[in-house]
Amino acid sequence: MSLRANPIHPAFAALAVFALAGCAGTRTAAGDGATPAASPGNGVVSTSPAPSPAAAPPSPPRAGAAPSTSTHATGRPGRILIYSMITGHVPLRASGATGGVLGRPPHESEEARAAALEAEIEAELRKQEDLRGRTAAEQARAKAANPQAHSALLEERAKPLIAPEPPADRQLPRDIYREERITIAPGTWGNPEELDVVSRTLDADGDGVPEQVRYYAPGSDVILRKVEDRNFDGKMDTWTSYRGGAVVERVADTNADGRPDAWSRYGTKRMKDRTIDRDYDGVEDAFYRYEGEYLVEERHDADNDGNADLVILYQNLRPVRAEEDQDRDGRIDTWTAYRTVEGEAVVVRIERDSKGRGQPDVFETFEMHLGEPVLARREEDLDGDGQIDITSIFDKGKLVQRELADPDLAPL
């Protein structure tokens with residue numbers, strides 16, 4: 001069960017009882033169970049959760065009894081212990097007579113400190129949960145928003161990573177076609193001038209509606225173009241163009257709405273690139289590029305603004321890098337690197353531009369755990385000066401240590 005889904009989770013209540021009873025009248029020199037330590041020579045302050053001493057189980061509170069409002073006995077220390085047990089992160093405190101947080105006066109509003117602390121807890125839970133469920137959540141949102149587009153996307157995800165060969169034409173007896181000479185008007189096929197051709201029409205079931213029409217240069221068997229009704233609904237849905245008798249492009253209407261939604265272009269032996277209108281709204285929004293036999297790049301434009309929201313680069317049939325515009329402002333803000341583990345591509349690093357400055361300021365590194373990539377390290381450049389200000393260390397995806405380049409950056 002996700003703790004975020006229910007802020008008043010029973011586990012929170014149990015932790016609160018333990019914390020309030022265990023912390024009453026007790027405070028460490030640092031005030032929260034963690035001992036700040038300055039790394040020599042670099043000004044970095046590191047905090048790690050300190051092991052809690054063994055203690056007898058607290059007595060349950062009396063029914064109807066109001067909790068104490070004493071700051072010393074049941075205020076911030078209890079909240080910090082709850083926070084530490086949930087996230088593994090112990091906020092820094094400065095030791096001293098005032099007992100304040102990094103010099104803040106002790107009369108500062110307890111409500112304000114509690115609200116800030118709860119906000120940080122929520123942020124940590126959100127970050128860690130986002131790493132585990134981002135893909136599933138995005139798919140669920142896409143499916144709910146547009147089931148048809150979601151199905152089309154899933155179908156495209158099953159595409160071959162090896163470039164398809166050009167479609168082959170079946171050689172049929174010439175006498176089953178009805179043949180006539182016609183003129184193609186300028187611009188009809190992209191031709192600058194009138195074009196004289198011979199059309200060969202196939203109406204196999206004799207219902208007066210052709211299933212296929214082929215066009216040839218007069219006096220030859222060199223095919224120029226082919227139009228087909230591939231689903232036999234009485235409407236042409238596939239248009240194939242040829243050069244020198246070889247396929248160079250195929251356009252298709254895959255959902256029978258009368259509008260093309262897939263464009264495939266071919267080289268001498270294999271497909272060069274393919275364009276898809278995944279949601280059938282008349283706007284091309286997915287693009288695939290091949291080099292030789294293999295897919296090397298795919299691009300997606302989810303909001304139809306003409307800018308790619310997601311670009312994935314491939315090598316040897318596996319993704320190696322992705323670039324994404326997550327906030328849809330027309331600029332790439334997330335960069336993901338992959339490596340291949342046991343034949344599968346897994347995330348090894350994600351860089352993010354969280355402030356919209358045009359350069360990454362959050363850097364996340366992942367390690368494998370139980371066959372899945374989990375967050376191992378997060379570095380943050382808060383002011384965009386190119387220097388790391390906060391480094392967070394994770395063990396099996398759980399935050400265990402945080403290093404600060406400037407002690408003033410410590411949370412409440």
Side-chain angles (χ1 to χ4, degrees), residues 148 152 155-156 159-160 163-292 299 301 304 306:
Q148 186 181 38
E155 181 180 351
E156 278 308 306
K159 65 188 177 301
E165 296 179 353
D169 288 322
R170 292 181 59 191
Q171 297 301 318
L172 300 175
R174 184 168 175 176
D175 58 7
I176 69 172
Y177 291 93
R178 179 172 57 86
E179 192 169 304
E180 63 179 324
R181 188 159 183 160
I182 62 174
T183 300
I184 305 300
T188 304
W189 297 349
N191 49 304
E193 301 175 346
E194 284 189 352
L195 186 62
D196 289 330
V197 300
V198 174
S199 68
R200 297 175 185 172
T201 302
L202 174 64
D203 179 9
D205 56 10
D207 64 354
V209 180
E211 293 83 37
Q212 184 183 114
V213 181
R214 300 188 181 194
Y215 300 90
Y216 295 83
S220 77
D221 284 330
V222 177
I223 188 170
L224 304 175
R225 187 173 176 86
K226 181 174 65 175
V227 182
E228 301 172 85
D229 174 12
R230 293 174 60 85
N231 62 0
F232 305 106
D233 65 351
K235 297 185 296 184
M236 296 300 182
D237 52 38
T238 307
W239 300 264
T240 306
S241 299
Y242 299 78
R243 182 179 300 120
V247 176
V248 293
E249 182 180 48
R250 170 178 271 191
V251 180
D253 170 16
T254 63
N255 69 335
D257 66 353
R259 297 188 301 186
D261 50 60
W263 297 260
S264 302
R265 287 160 285 271
Y266 297 86
T268 55
K269 296 182 178 180
R270 293 185 180 272
M271 182 183 291
K272 296 192 303 182
D273 60 80
R274 190 179 190 208
T275 303
I276 306 291
D277 173 11
R278 294 174 299 178
D279 52 8
Y280 309 114
D281 64 351
V283 180
E284 303 169 11
D285 51 33
F287 311 84
Y288 305 96
R289 183 170 61 86
Y290 296 86
E291 288 184 1
R299 296 181 292 124
D301 177 10
N304 294 341

Practice item. Can you spot which of D261, D253, V227, D257 makes a side-chain contact (heavy atoms from CB on, under 4.5 Å) with D237? Key: D253
Check your understanding: Hey, does the side chain of D273 reach the backbone of R265 with a donor-acceptor pair shorter than 3.5 angstrom?
Key -> no
Review point. Hey, are the side chains of R250 and M271 touching, using non-hydrogen atoms and a 4.5 Å cut-off?
Key: no
Study note, to complete from the structure: Output for pair (T268 OG1, E165 CD), nearest 0.5 Å, gives 11.0 Å
Point to revise | Carboxylate-amine/guanidinium proximity below 4.0 Å for D277 and R259 | key: no
Check your understanding: Is any side-chain heavy atom of D203 closer than 4.5 Å to a side-chain heavy atom of R178?
Key -> no
Point to revise | Min side-chain heavy-atom separation V213-K226 under 4.5 Å | key: no
Practice item. Flag the pair N304 / D279 as yes when at least one side-chain heavy-atom distance between them is below 4.5 Å, and no otherwise. Key: yes
Point to revise | Sequence neighbours excluded - side-chain hydrogen bond (donor to acceptor under 3.5 Å, both in side chains) pairs with any residue from residues 187-198 | key: T183-D196
Practice item. Starting at CZ of R214, measure out to CG of D169 and round the result to the nearest 0.5 Å. Key: 5.0 Å
Revision key, fill the gap. Closest non-hydrogen contact found for P260 with W239 is CG-CZ3, 4.4 Å
Review point. Can a cation-pi geometry be assigned to R200 and Y216, taking NZ or CZ under 6.0 Å from the six-membered ring centre and within 45° of the ring axis?
Key: yes
Review point. Which heavy atom in R230 sits nearest to a heavy atom in T238, and how many Å separate them?
Key: CD-OG1, 2.8 Å
Exercise for review: Compare every heavy atom of Q212 with every heavy atom of M236, then report the nearest pair and how far apart it is.
Suggested key: CE-N, 4.2 Å
Review point. Within 45° of the ring axis of F287 and under 6.0 Å from its six-membered ring centre, is that where the NZ or CZ of R299 lies?
Key: yes
Practice item. Report the distance from atom CD of E284 to atom CG of D281, rounding to the nearest 0.5 Å. Key: 10.5 Å
Point to revise | Rounded distance (nearest 0.5 Å) linking atom CG of L195 with atom OH of Y215 | key: 11.0 Å
Revision key, fill the gap. Scanning both residues in full, the closest heavy-atom pair of R270 with G292 reads CD-O, 3.9 Å
Exercise for review: Output the distance between atom OH (Y177) and atom CG (L172), rounded to the nearest 0.5 Å.
Suggested key: 4.0 Å
Review point. Of all heavy-atom pairs between P210 and G208, which one has the smallest distance, and what is that distance?
Key: CD-O, 3.8 Å
**Study point:** Nearest atoms (heavy-atom pairs only) where V247 meets Y242
**Key:** CG2-CE2, 3.5 Å
Exercise for review: With rounding to the nearest 0.5 Å, note down the distance linking CD1 in I223 to OG1 in T240.
Suggested key: 8.0 Å
**Study point:** Side-chain heavy-atom pair Y290, K272 within 4.5 angstrom cut-off
**Key:** no
**Study point:** Check against side-chain contact (heavy atoms from CB on, under 4.5 Å), R174 and D221
**Key:** CA-CA 10 Å; R174 184 168 175 176; D221 284 330; 3.7 Å; yes
